[in-house]
Amino acid sequence: MTDRQTNGVQSVQRALDLLTQVSKVPGGARLTDLARTTGLAPSTVHRLLTTLEHSGFVYSDAASNRWHVGQRAFAVGSAYTKQRSFVAPALPFLRRLRDATRETANLGVIEDGEVITLSQVESREVKRTISPPGGRVPVICSGMGKAIIATWEDDAINRVIDRHGLRAMTKRSLTDPAAVHDEIKRIRSRGYALDDEEFVIGLRCVAAVVWGPAGDPACAISVSGLAARMTPQKVAETGETVKRLATELTTVLGGRPPE
């Protein structure tokens with residue numbers, strides 16, 4: 001590869017890294033902050049942002065001197081969810097979950113050892129949990145992740161642990177493979193998974209798997225709420241609600257659990 005090609009690839013990678021950083025700041029990112037987080041010179045950051053702006057991937061707000069994700073980036077990102085045929089049919093079920101529990105409802109899939117939130121319906125409570133679509137969580141720290149892998153063979157779960165490890169996101173995270181398998185047994189028995197403050201202290205999440213037409217887990221849906229509201233009784237009641245709606249969504253998608 002020539003120096004020119006190498007520089008071109010490096011510029012593309014830097015631009016994509018910048019776009020990712022901009023997407024992480026809901027209120028818009030300052031150029032100086034982007035330079036600090038990426039380790040690039042402010043002049044380089046400005047040049048790359050300007051290039052992205054010309055293509056519609058970011059835009060700048062002159063009044064606040066902040067950069068935001070542009071319409072073009074949204075259009076490209078939306079193509080990902082369009083490939084997932086269950087996202088649109090799931091939306092009414094997420095609304096029903098939100099209304100039944102008064103908490104935030106989510107839909108997610110596993111990709112490369114992490115759970116990605118594809119869709120969400122926010123709680124109407126003033127104090128509520130929000131993990132915007134596109135957010136990623138280690139599988140074992142996620143209710144949706146655990147609900148999906150509980151349908152796998154134990155050997156497949158071990159391969160995920162061996163490849164990605166068990167990251168301690170909080171003091172309640174599962175970091176021992178034996179503890180993970182004990183938790184998987186409980187999930188299989190009751191039919192829903194629980195993230196008990198394992199990703200964020202003060203947050204609990206209850207999830208159930210949704211099956212696809214081939215008898216494979218297509219995705220998972222969940223309810224996440226503040227631990228103060230998600231008492232043991234509410235967790236159990238929510239678990240039954242999530243299971244029921246996951247079964248109904250499975251039917252709508254033409255899915256079926258394995259025989």
Side-chain angles (χ1 to χ4, degrees), residues 90-110 115 117-133 135 137-152 157 166-176 178-211 217-252 255 257:
L91 191 56
F93 292 87
L94 296 184
R95 293 195 185 103
R96 287 171 60 190
L97 262 183
R98 186 270 314 278
D99 293 343
T101 63
R102 302 185 65 181
E103 303 292 352
T104 298
N106 315 278
L107 179 144
V109 296
I110 290 179
V115 171
T117 301
L118 296 183
S119 186
Q120 182 180 85
V121 176
E122 293 181 19
S123 167
R124 294 191 177 99
E125 297 289 333
V126 175
K127 293 184 178 180
R128 61 188 185 273
T129 61
I130 300 175
S131 176
V137 180
V139 166
I140 305 300
C141 295
S142 161
M144 290 191 288
K146 289 192 286 186
I148 293 173
I149 68 169
T151 69
W152 299 357
I157 297 172
L166 295 172
R167 286 182 277 170
M169 307 303 293
T170 75
K171 62 183 180 181
R172 301 182 66 89
S173 301
L174 300 178
T175 57
D176 176 48
V180 172
H181 283 286
D182 287 343
E183 178 68 3
I184 293 299
K185 290 177 183 177
R186 287 190 286 271
I187 295 168
R188 290 168 177 166
S189 175
R190 68 190 177 211
Y192 65 85
L194 171 65
D195 158 17
D196 189 9
E197 302 184 76
E198 296 160 50
F199 181 60
V200 176
I201 291 295
L203 170 66
R204 290 195 176 104
C205 180
V206 183
V209 69
V210 176
W211 297 93
C219 58
I221 57 175
S222 73
V223 169
S224 54
L226 300 181
R229 290 200 299 261
M230 296 290 283
T231 62
Q233 179 179 349
K234 183 170 181 178
V235 165
E237 293 171 351
T238 300
E240 295 304 314
T241 301
V242 174
K243 281 169 54 178
R244 175 170 53 82
L245 289 178
T247 298
E248 292 182 20
L249 178 55
T250 293
T251 301
V252 167

- Note on the structure: For Leu107 and Ala90, the nearest pair of non-hydrogen atoms, with its separation, is CD1-CB, 3.1 Å
- Task: Grab the two heavy atoms, one from Thr151 and one from Ile148, that are nearest each other, plus how far apart they are.
- Result: OG1-O, 2.6 Å
- Query: Just by distance, do the side chain of Lys146 and the backbone of Leu194 share a donor-acceptor pair under 3.5 Å?
  - Reply: yes
- Task: Carefully, step by step, assess Glu198 and Arg167 under the rule salt bridge (charged side-chain N to carboxylate O under 4.0 Å, His left out).
- Result: CA-CA 10 Å; Glu198 296 160 50; Arg167 286 182 277 170; over 6 Å; no
- For Thr101 against Lys234, the heavy-atom pair lying closest together: O-NZ, 3.1 Å
- Item | Heavy-atom check, side chain of Phe93 versus side chain of Val252, under 4.5 Å | yes
- For residues Val109 and Cys219, report the shortest heavy-atom separation together with the two atoms involved. CG1-CB, 3.8 Å
- Message: Rounded at 0.5 Å granularity, tell me how far CD in Glu197 sits from SG in Cys205.
- Response: 12.5 Å
- Backbone of Lys185 reached by a side-chain donor or acceptor of Ser189 within 3.5 Å: no
- How close do Met144 and Ala207 get, heavy atom to heavy atom, and via which atoms? N-CB, 3.5 Å
- Message: Measuring from atom CG of Asp176 to atom CD1 of Ile140, what distance do you get when rounded to the nearest 0.5 angstrom?
- Response: 11.5 Å
- Message: For Glu248, is there an ion pair with Arg96 - N to carboxylate O distance below 4.0 angstrom?
- Response: yes
- Task: Kindly determine whether Leu97 and Val121 satisfy side chain to side chain contact (heavy atoms under 4.5 Å, CB included), including the steps that lead there.
- Result: CA-CA 9 Å; Leu97 262 183; Val121 176; over 6 Å; no
- Atom CD in Glu183, atom CG in Asp195: separation rounded to 0.5 Å? 9.5 Å
- Message: Whether the Asn106 and Ser119 side chains hold a donor-acceptor pair (N or O, under 3.5 Å, no angle test) is what I'd like checked.
- Response: no
- Item | Min side-chain heavy-atom separation Arg124-Asp99 under 4.5 Å | yes
- Query: Are Val137 and Met169 side-chain neighbours, meaning at least one heavy-atom pair lies under 4.5 Å?
  - Reply: no
- Is the side chain of Thr104 donor-acceptor paired with the backbone N or O of Ser123 at a distance under 3.5 Å, no angle test? yes
- Item | Nearest-0.5 Å distance, OG1 of residue Thr170 to CD1 of residue Ile201 | 4.0 Å
- Mind checking the CD1-CD1 spacing from Ile157 to Ile149? Nearest 0.5 Å is all I need. 5.0 Å
- Message: Assess whether a salt bridge exists between Arg172 and Asp196, defined as any Lys/Arg side-chain N lying under 4.0 Å from an Asp/Glu carboxylate O.
- Response: yes
- Determine whether Ser173 and Phe199 make a side-chain contact, defined as any pair of heavy atoms from C-beta on separated by less than 4.5 Å. no
Scan the side chains in residues 240-247 for donor-acceptor partners under 3.5 Å anywhere in the protein, sequence neighbours excluded, and list what turns up.
unit_1 : atom_1 : unit_2 : atom_2 : d
Thr241 : OG1    : Glu237 : O      : 3.2
Lys243 : NZ     : Arg190 : O      : 2.9
Thr247 : OG1    : Lys243 : O      : 3.0

- Salt bridge check: are Arg98 and Glu122 linked by an N-O gap of less than 4.0 Å? no
- Smallest heavy-atom separation, Pro217 atom then Trp211 atom, equals N-CE3, 3.7 Å
- Going from CG on Leu203 to CD on Glu103, what distance comes out if it is rounded to the nearest 0.5 angstrom? 9.5 Å
